[in-house]
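Here the structure is a predicted model, which is why all the values come from computation and not from measurement. Chain letters run A, B, ... following the sequence lines, proteins first and then strands; every chain starts at 1.
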Amino acid sequence: MTETFYDVMRRQGITRRSFLKFCSLTAASLGLAPAFAPKIAHAMETKPRIPVLWLHGLECTCCSESFIRSGHPLAKDVILSMLSLDYDDTIMAAAGHNAEAIVTEIVEKYKGNYILAVEGNPPLAEDGMYCIIGGKPFVEQLKYAAESCKAIISWGSCASWGCVQAAKPNPTRATPVHKVPGLANKPIIKVPGCPPIAEVMTAVVAYLLTFEKLPTLDRQGRPQMFYSQRIHDKCYRRPHFDAGQFVEHWDDEAARQGHCLYKMGCKGPTTYNACSTVRWNEGVSFPIQSGHGCIGCSEDGFWDKGSFYERLTDINQFGIEANADAVGGTAAALVGAGIAAHAGLTALNRAKQPGAEKQ
Amino acid sequence: MTELTSAASTAPIYVYEKPVRLWHSLNALLIVVLSVTGYLIADPLASLKGEASEHFLMGYIRFVHFSAGYLIAIALLFRLYWAYAGNEHARQIFLPPLLKAHFWQGVFHEVLWYLFLVKEPRKYIGHNPLAILAMHFVFVWGVLFMIVTGFALYGEGAGQGSWQHTLFSSWVLPLFGSSQSLHSWHHLFMWLIICFVLVHIYVALREDKLSRQSMLSTIVTGWRTFKDVRPVDDESGA
């Protein structure tokens, strides 16, 4: 198959003008100079289309839902149709054995050249029986497809960290892709978020195609261009945080004024994502702009970090749920009580042994 | 031990040099400042009215916290140098003689003393062994933990490419899994240090009254005086 992206787009009835607009917008969203737009266009015109296998494990399909709503009109028309040419069980036309046959076909035809995109994760308990695809545990399909892929994209928090199905007590042993034992050692790009931002997803695919290499990743394997700063660092409500202006109740004046949601448990200060810059639904808004704090959905284990509406994390190890202040305050009070008791005993002891110090 | 046994008199001995005493009082001040501002960062004061441009309260609180954090880090670095350059007592809390049986006997005796099971404590020119243990493992390592996690948190704001991020955040964040966990640990260790401070002040006051050597005046002057003439129990060279 030597069809290029551009060929596919033209076949889909997309004009060259729209195609070039897509290229420059992609360059902009990747943080590249305007000079890169023609390079992206050139890559899309000349390079053979990289096939993408899009597998689904334990997930809710919110990544796919987000992806097909990519703000750029061409993203949904073009990238989606190209991906669906190969394999994505949610949106492809084929079904049943025919669909499953495509996986084998891609793996054998494009050995070492296709991208494996994984949405969701495999449960490992009971030999993977909690997620069956085409009669086989998903973990086997994943390992098989990973064996000869070029790189793996872990879509969303499920594939990247585990997300809700891996939250305590994780009865099915749902395991993020990079921790699956026996998985082929391939480069993994984590694109966390529940779901990830649509434009981030399409941009990662566009980057892979244009430069034929992985985007720069941080230590945790996320593309730096989208995950190098916290929501808080670029939040438009940040001036209210610095000023000390906080929403204290959902219906107070500060909430109406759009003050900082820090006290309402906003996880913006601890969450690495691009929501405050790229935003959602074609840049319309993002959770904080809508008046609700960030829940930290792109962070590892965010379901196990206690309430979405508390600033301090609950610490479950102490039997009852408690936060750092409750634990620390109790410890300090106990130490204080211990000191008082010890001081009392000391005084009592001294009273009983007059002259002891003069020995 | 033999050379120290010669101190078997009530004659004062100069123990804590000026940099050590200065470090002590600076730490006391900085721990109060860091705990108060740190608490207010996690749990801010009541919301301010008016325009955001009229206020910078959180900004100032965080500025004080970060500045104090820098100071306590620089002070610890200097103090580590002084542990090398200063007298033998200057390295006592950094290098506890954990392999010496006599040290552990001393710890045991001190525990018995606090449990009211022995009539009198031993006599020390420097810190008693239990104090060395607590200061080394709770205070020195506790403050070091706060400095490392603190700079890692600071590096998150300073951003990738900053030296704080390169030296601290880049490896500390993956170690703790997430920024939120890191925040929680930083917060919990504040309470650990507060607990240390409570016990530290209590035993200092108590030892001043009941032990066989001076405490509170030594904090200020550096000179240790003794209440009896019997030999001291310090580890040799410690």
Side-chain angles (χ1 to χ4, degrees), chain A residues 161 218-220 224 228-230 232-233 237 239-248 252-254 259-260 262-263 267 269-272 296 299-302 305-306 311-315 323-325 327-332 334-336 338-340 342-343 345-346 349-350 353 356-357 359, chain B residues 39 42-62 114 116 119-120 153 156-157 159-161 165 169-171 173-174 177-192 194-199 201-203 205-206 209-210 212 227-228:
Chain A
W161 309 126
D218 67 7
R219 285 250 186 147
Q220 281 147 297
Q224 272 195 342
S228 62
Q229 282 189 312
R230 299 167 297 180
H232 190 60
D233 295 323
R237 295 194 183 199
H240 294 293
F241 171 83
D242 289 331
Q245 296 182 311
F246 303 100
V247 175
E248 313 249 13
D252 66 6
E253 182 56 27
H259 289 175
C260 176
Y262 187 79
K263 283 191 178 183
K267 302 292 183 290
T270 53
T271 304
Y272 287 82
E299 286 295 307
D300 192 359
F302 77 101
K305 297 282 159 62
R311 179 69 219 131
L312 291 169
T313 308
D314 280 337
I315 299 161
N323 64 34
D325 269 345
V327 172
T330 310
L334 284 176
V335 168
I339 288 171
H342 198 268
L345 273 174
T346 305
N349 222 30
R350 290 261 290 163
Q353 309 171 317
E357 73 201 285
Q359 275 176 359
Chain B
Y39 189 88
D43 196 358
L45 295 164
S47 192
L48 295 173
K49 301 255 180 289
E51 289 297 321
S53 56
E54 291 165 7
H55 309 287
F56 198 58
L57 184 60
M58 261 319 249
Y60 290 131
I61 291 174
R62 292 172 76 242
Y114 282 113
F116 307 101
K119 282 224 168 77
E120 73 167 8
L153 291 168
E156 292 194 275
Q160 297 196 352
H165 191 280
S169 317
S170 61
W171 62 275
L173 272 176
S178 71
S179 171
Q180 206 182 338
S181 307
L182 183 60
H183 277 82
S184 295
W185 279 106
H186 193 70
H187 200 96
L188 270 176
F189 265 67
M190 171 193 82
W191 285 109
L192 177 75
I194 288 175
C195 289
F196 173 84
V197 168
L198 290 174
V199 174
I201 293 172
Y202 168 66
V203 296
L205 292 171
R206 186 177 189 271
K209 288 263 177 289
L210 302 185
R212 292 158 61 191
K227 298 172 191 170
D228 61 51

If I measure from the heavy atoms of chain B, does Gln245(A) come under 4.5 Å with its side chain, its backbone, both, or neither? both
Top contributor to chain A contacts, counting heavy-atom pairs under 4.5 Å, from His187(B), Glu54(B), His165(B): His187(B)
Heavy-atom pairs under 4.5 Å with chain B - which of Ala331(A), Ala343(A), Ala254(A) has more of them than the others? Ala343(A)
Under a 3.5 Å cutoff, is there a donor and acceptor pairing between the side chains of Gln160(B) and Gln224(A)? yes
When rounded to the nearest 0.5 angstrom, what distance separates NE2 in His55(B) from CG in Asp242(A)? 13.0 Å
Taken to the nearest 0.5 Å, the spacing of Glu156(B) CD from Tyr272(A) OH works out to 3.0 Å
For the candidates Leu345(A), Asp300(A), Asp218(A), which exhibits the highest count of non-hydrogen atom pairs separated by less than 4.5 Å from chain B? Leu345(A)
With sequence neighbours left out, what residues match Phe241(A) under ring pair (Phe, Tyr, Trp, His ring centres under 6.0 Å)? His232(A), Tyr262(A)
Contact class of Glu51(B) relative to chain A, heavy atoms under 4.5 angstrom: backbone
When the 4.5 angstrom heavy-atom criterion is applied to Trp171(B) and chain A, the contacting part is both
Arg350(A) and Leu210(B): side chain to side chain contact (heavy atoms under 4.5 Å, CB included), yes or no, with the steps? CA-CA 9 Å; Arg350(A) 290 261 290 163; Leu210(B) 302 185; 3.1 Å; yes
Largest heavy-atom contact set with chain A, pairs under 4.5 Å, which of Leu48(B), Leu192(B), Val203(B), Leu57(B): Leu48(B)
All ring pair (Phe, Tyr, Trp, His ring centres under 6.0 Å) counterparts of His342(A), not counting sequence neighbours: Tyr114(B), Phe116(B), Tyr202(B)
Is there a donor-acceptor contact under 3.5 Å linking the side chains of Arg230(A) and Ser179(B)? no
Under 4.5 Å from a heavy atom of chain A, the part of Arg62(B) involved: side chain
Chain A: which of Lys49(B), Arg212(B), Met58(B), Met190(B) shares the most heavy-atom pairs with it under 4.5 Å? Met58(B)
State the CG-CG distance between Leu198(B) and Leu334(A), to the nearest 0.5 angstrom. 11.5 Å
By a 4.5 Å heavy-atom criterion (distance strictly below it), what part of Leu312(A) contacts chain B: side chain, backbone, both, or neither? side chain
Closest-packed option against chain B by number of heavy-atom pairs under 4.5 Å, given Arg311(A), His259(A), Lys305(A), Lys267(A): Lys305(A)
Are any non-hydrogen side-chain atoms of Thr270(A) and His183(B) less than 4.5 angstrom apart? yes
So, the part of Leu45(B) with a heavy atom under 4.5 Å from chain A: the answer is backbone
Highest number of heavy-atom pairs under 4.5 Å with chain B among Gly336(A), Pro239(A), Gly329(A), Cys260(A) belongs to Gly329(A)
Among Gly59(B), Ser53(B), Cys195(B), which residue has the highest count of heavy-atom pairs closer than 4.5 Å to chain A? Cys195(B)
Based on non-hydrogen pairs under 4.5 Å, which of Ala52(B), Ala46(B), Ser181(B) is most in contact with chain A? Ala52(B)
Separation between CG of Asp43(B) and CG of Asn323(A), rounded to the nearest 0.5 Å: 9.0 Å
Nearest-0.5 Å distance that lies between atom CG in Asp325(A) and atom OH in Tyr39(B): 4.0 Å
Just checking, is any N or O donor in the side chain of Lys263(A) or Ser47(B) under 3.5 Å from an acceptor N or O on the other one? no
